[in-house]
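Below: the structure, in structure tokens.
Both backbone and side-chain heavy atoms feed into the values below; hydrogens, waters and symmetry mates do not.
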Amino acid sequence: MKGRKLRHRLTALLLAFAMIFTAVAVQPNCDAFAATKVKTPVATHGRLSVKGADLVDAKGKKFQLRGISTHGINWDVGYPYVNKAAFKTLRDDWGVNAVRLAMYTSEYNGYCAGGSKAALRNQIYKGVKYATDLGMYVIIDWHILNDGNPMTQVAEARRFFATMAKKYKKQKNIIYEICNEPNGCDWKTVKRYASQVIKVIRKYDKKAIIVVGTPTWSQLGSDGTHNEVADNPIKGYKNIMYSLHFYANEWSHNRYLPAKLAYARKKGIAVIVTEFGMSAASGDGGISKAYTGKWLTRLNKANVSYFCWSLSNKNESASLLASWTSKTSRWKTSELSEAGRYIRAKYRARKKALGSRA
């Protein structure tokens with residue numbers, strides 16, 4: 001009897017152990033799921049705004065956008081990279097939290113130069129959706145370049161940004177860049193254009209960041225030593241920023257622009273670098289790691305956001321992808337250009353340095 005009872009007890013214990021083991025085995029590993037779930041930039045920081053000379057997040061804490069700009073989405077070196085997998089690669093592997101959708105207005109079948117307006121708007125819609133799905137911030141860039149004076153296309157700009165502001169007025173991750181690089185015109189003219197387009201956007205979208213391009217090719221003034229933007233900013237609107245573009249292999253950019261940036265911030269003007277490159281302003285020739293490094297250190301210290309040009313395999317030194325690669329996402333480091341490898345390493349290091357503030 002004792003032997004039979006002992007056997008029953010052993011059988012019951014083994015059965016109980018088996019049930020416990022099975023329950024543990026099929027129980028989801030919550031820690032593992034939590035570890036693999038990505039806390040996105042927008043989920044972490046929410047709607048951005050301007051406070052003095054700084055960009056801040058929804059909690060009022062200083063925040064920095066580390067972005068990559070597409071090449072022109074109106075031609076074949078730009079639009080293939082407007083895809084969700086590409087943006088996810090930038091977010092998860094490069095430490096990027098924002099993308100810039102560059103839509104030319106006059107060049108290469110641009111929006112105001114014979115390109116399909118509907119098709120280009122659809123490219124913007126796709127890019128915004130992918131960025132939004134991934135919890136990234138996104139700039140809609142009205143990419144003036146050869147047309148120079150933004151007043152040339154002011155009617156089209158008003159219609160375009162009215163459409164965009166109506167569509168995205170409830171989203172927290174949208175930034176409007178209303179004129180990429182004004183040139184051949186003065187700040188008074190750019191302000192006249194900006195006042196019209198800002199008014200249209202604010203009719204529908206009351207809170208989004210609006211970036212205003214500056215003379216000359218977004219250098220905060222008409223030449224190396226003039227500071228008319230900082231001395232005479234746009235009045236009457238909140239959440240306005242001003243663009244500064246630099247190319248690290250341009251002597252004049254390294255000579256004059258750091259002082260202009262410092263002056264603007266001292267005057268309380270919010271500056272954002274919506275475009276920079278490691279090459280000359282042409283996008284080609286040699287690259288300067290030394291000056292790029294100095295610029296990024298300067299911008300990081302001042303909490304100034306920046307977007308690198310460009311996500312493309314175009315055969316020029318500013319492109320971040322190797323010219324021979326046909327992949328549009330999930331790039332190996334060997335498939336990046338020299339500039340791409342450098343920028344990826346710098347962005348990853350910046351994200352790591354920021355930690356929970358990234």
Side-chain angles (χ1 to χ4, degrees), residues 32-49 55 57-59 63-74 78-103 118-143 160-161 163-177 201 204-205 207-211 239 272 274 305-312 320-321 327-331 340 343-344 347-348 350-351 354 356-358:
F33 281 119
T36 57
K37 185 177 180 180
V38 176
K39 188 69 182 287
T40 68
V42 176
T44 301
H45 296 281
R47 183 183 292 278
L48 307 179
S49 61
L55 185 66
D57 68 10
K59 297 178 181 178
F63 181 67
Q64 183 188 51
L65 294 167
R66 299 176 309 282
I68 298 294
S69 177
T70 68
H71 207 296
I73 63 171
N74 45 299
Y79 69 76
Y81 306 99
V82 181
N83 70 78
K84 191 172 183 178
F87 294 176
K88 188 175 188 297
T89 303
L90 294 176
R91 185 193 71 178
D92 296 348
D93 184 51
W94 291 44
V96 168
N97 58 18
V99 292
R100 177 185 188 235
L101 304 172
M103 187 190 71
L120 288 168
R121 286 195 301 270
N122 192 52
Q123 281 292 99
I124 295 288
Y125 298 155
K126 289 194 297 184
V128 170
K129 184 180 187 305
Y130 301 146
T132 303
D133 288 347
L134 292 164
M136 302 173 74
Y137 297 95
V138 56
I139 292 180
I140 298 172
D141 167 31
W142 184 255
H143 202 84
F160 175 81
F161 282 108
T163 299
M164 295 296 146
K166 287 178 186 177
K167 185 175 181 67
Y168 296 120
K169 60 186 177 182
K170 294 182 180 180
Q171 291 196 196
K172 298 179 180 180
N173 63 327
I174 307 297
I175 298 169
Y176 303 103
E177 185 174 6
I201 294 172
Y204 305 103
D205 192 330
K207 298 180 179 180
I209 302 289
I210 299 174
V211 180
N239 294 333
I272 180 171
T274 52
S305 300
Y306 45 79
F307 289 72
C308 188
W309 180 272
S310 68
L311 184 63
S312 175
L320 298 174
L321 308 177
K327 289 172 64 175
T328 58
S329 64
R330 302 182 181 92
W331 308 281
I343 293 298
R344 175 180 176 271
Y347 276 41
R348 285 165 63 93
R350 178 58 175 166
K351 182 180 179 181
L354 287 171
S356 61
R357 295 179 293 126

task: For residues Ile140 and Ile175, determine if any side-chain heavy atom of one lies less than 4.5 Å from a side-chain heavy atom of the other.
output: no
query: For Lys166, which residues count as a side chain to side chain contact (heavy atoms under 4.5 Å, CB included) partner, sequence neighbours excluded?
result: Tyr204
task: With sequence neighbours excluded, tell me which residues meet salt bridge (charged side-chain N to carboxylate O under 4.0 Å, His left out) with Asp133.
output: Lys84, Lys129
message: Restricting to side-chain hydrogen bond (donor to acceptor under 3.5 Å, both in side chains), what partner residues turn up for Arg121, sequence neighbours left out?
response: Tyr111
message: Suppose we screen for side-chain hydrogen bond (donor to acceptor under 3.5 Å, both in side chains). Which residues come up paired with Tyr137, at least two apart in sequence or across chains?
response: none
message: Once salt bridge (charged side-chain N to carboxylate O under 4.0 Å, His left out) is applied, do any residues pair with Lys327, and if so which ones, sequence neighbours excluded?
response: Glu335
field: Non-hydrogen side-chain atoms of Tyr176 and Asp205 separated by less than 4.5 Å
entry: yes
field: salt bridge (charged side-chain N to carboxylate O under 4.0 Å, His left out) partners for Arg344, two or more places apart
entry: Asp93
- line: Nearest heavy-atom contact between Ile209 and Ser49 is CD1-CA, 3.8 Å
field: Least distance between heavy atoms, Phe87 atom then Leu101 atom
entry: CZ-CD2, 4.1 Å
task: Please assess Leu311 against Val99 for the test side chain to side chain contact (heavy atoms under 4.5 Å, CB included), listing each intermediate value before the final yes or no.
output: CA-CA 10 Å; Leu311 184 63; Val99 292; over 6 Å; no
message: Main chain of Arg66, side chain of Asn97: is a donor-acceptor contact present, judged purely on distance under 3.5 Å?
response: yes
Partners passing side-chain hydrogen bond (donor to acceptor under 3.5 Å, both in side chains) against Arg100 (at least two apart in sequence or in another chain): Ser69, Asp141, Glu177, Asn180, Glu275
Residue list, side chain to side chain contact (heavy atoms under 4.5 Å, CB included) with Ala58, at least two apart or on another chain: none
message: Any non-hydrogen side-chain atom of Tyr81 less than 4.5 Å from a side-chain atom of Ile68?
response: no
query: Under the side-chain hydrogen bond (donor to acceptor under 3.5 Å, both in side chains) test, which residues partner Asn74, sequence neighbours left out?
result: none
field: Taking every non-hydrogen atom, the tightest pair across Ser312 and His71
entry: CB-CB, 3.9 Å
field: Val138 to Ala131 - nearest heavy-atom pair and separation
entry: CB-CB, 3.9 Å
field: Test salt bridge (charged side-chain N to carboxylate O under 4.0 Å, His left out) applied to Lys167 - qualifying residues, sequence neighbours left out
entry: none
4.5 Å side-chain heavy-atom contact, Ile210 and Asn239: no
query: Donor-acceptor pair, His45 side chain versus Ala358 backbone, under 3.5 Å?
result: yes
- request: Identify, with sequence neighbours excluded, every residue that meets side chain to side chain contact (heavy atoms under 4.5 Å, CB included) alongside Lys88.
  value: Arg91, Asp92, Leu134
- prompt: With Asn83, which residues qualify under side chain to side chain contact (heavy atoms under 4.5 Å, CB included), at least two apart?
  reply: Ala85, Ala86, Thr328, Ser329
query: What's the verdict on side chain to side chain contact (heavy atoms under 4.5 Å, CB included) for Met103 and Gln123, showing C-alpha distance, side-chain angles and the deciding distance?
result: CA-CA 9 Å; Met103 187 190 71; Gln123 281 292 99; over 6 Å; no
- request: Report yes or no: does Thr70 contribute a side-chain atom to a donor-acceptor pair with the main-chain N or O of Ala102 at less than 3.5 Å?
  value: yes
